[in-house]
J.: 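Before I ask anything, here is the structure I am working with.
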2 protein chains.
Amino acid sequence: MERTPSHPQVSQFSLQQVLEAVVDPVRRSIVTQLDAAGEDIACGAFDISVSKSTATHHFKVLREAGLIRQYYVGTSRMNALRRTEMDRTFPGLLDAVTTAQAKGR
Amino acid sequence: MERTPSHPQVSQFSLQQVLEAVVDPVRRSIVTQLDAAGEDIACGAFDISVSKSTATHHFKVLREAGLIRQYYVGTSRMNALRRTEMDRTFPGLLDAVTTAQAKGR
DNA sequence: ACATAAGTACGATGGACGTCAAACTTTGAT
DNA sequence: ATCAAAGTTTGACGTCCATCGTACTTATGT
């Protein structure tokens, strides 16, 4: 188990990767829940409808796209939305997604 | 050949469909070129690197997502960006995509 | 009428991706 | 020491999708 997962730097963010991340409904739901909560959430505390191994996969995709930051607290892996950095790189993108999601689209 | 293709109404736009449309590099390039041109462009006048049949497929996906409007002029099929309607439905989304694209991400 | 131009329609194909189960690792609690 | 909790890793599987070539349609020009 890799205890210190690697995160991309802001300079490495790519639109392609971010779009590929948020195009999946499960991953978009994760982002939305993180955004709505306003605080970090453990992997197991999300309301998602897939198996644990699939969830791990989704978190990895989100992390590698730069959308979330992950760190361990005991056996739990916490997830933080990298909002500021995303907003700086792709202004309006995250807002557009979370807003549309909140409106039921 | 269907001469009057159907376009979705604004009320039918879905974030999922729009994201699925713009996640493809070729389709995103089409949107970007349309946005940059500021005028309608015929299918054949785009700078794309796929075959004609594949291009047709991409235009169809964009049309069904509500991103473009298509109409015939002679044998040419013109494409118009549905900017206003998109902006009203998903504020900031199109801007975020085209801006990031223009900045080379 | 005939030829050309511009797309469309229809399979077929190959690769990518979401999904899961099973086995494993690490940490914390009893 | 043991056990349970929380994720990870690996491999496999099915499906979806971007792509293409070929054949077809419609309109324009000669």
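Chain letters run A, B, ... following the sequence lines, proteins first, then strands; residues in each count from 1. As the structure is a prediction and not an experimental result, all values here were calculated from the model.
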J.: Does the side chain of A/R69 come within less than 4.5 Å of A/R63's, by heavy atoms?
T.: no

J.: Does any residue of residues 49-63 of chain A have a heavy atom under 4.0 Å from DNA chain D, and if so, which ones, in number order?
T.: A/K52, A/S53, A/T56

J.: If I compare all heavy atoms of A/Q16 with all of B/P25, which pair ends up nearest, and what's the gap?
T.: OE1-CG, 3.6 Å

J.: For B/L67, which of B/L62, B/V61, B/N79 qualifies under side-chain contact (heavy atoms from CB on, under 4.5 Å)?
T.: B/L62

J.: Taking salt bridge (charged side-chain N to carboxylate O under 4.0 Å, His left out) as the cut-off, I'd like each qualifying pair that reaches into residues 90-105 of chain B, sequence neighbours left out, listed once.
T.: B/R83-B/D95

J.: Between D/dC17 atom P and B/E64 atom CD, what is the distance in whole Å?
T.: 12 Å

J.: Over how many whole Å does the gap from B/Y72 atom OH to D/dT26 atom C1' extend?
T.: 8 Å

J.: Using whole Å, what does the distance between atom P of nucleotide D/dA6 and atom OH of A/Y71 come to?
T.: 16 Å

J.: Between D/dA6 atom P and A/Q70 atom CD, what is the distance in whole Å?
T.: 16 Å

J.: When you compare the side chain of B/V22 with that of B/R27, does any pair of heavy atoms fall below 4.5 Å?
T.: no

J.: Is the shortest side-chain heavy-atom distance between B/F13 and B/R82 below 4.5 Å?
T.: yes

J.: Which sits closer to the 5' end of DNA chain C, A/E20 or A/V73, going by the nucleotide each is nearest to?
T.: A/E20

J.: Can you see which heavy atom on B/I41 is nearest to which on B/A37, and at what distance?
T.: CD1-CB, 3.7 Å

J.: Please tell me which of the listed nucleotides, D/dT26, C/dT26, D/dG7, lies nearest to the side chain of B/T75?
T.: D/dT26

J.: Specify the residues of residues 25-48 of chain A, ordered by number, for which at least one heavy atom lies under 4.0 angstrom from an atom of DNA chain D.
T.: A/A42, A/C43, A/G44

J.: Examine the side chains of A/E85 and A/T89 and answer whether a donor and an acceptor come within less than 3.5 Å of each other.
T.: no

J.: Within this structure, what is the CG-to-P distance between A/D24 and D/dC17, rounded to whole angstrom?
T.: 12 Å

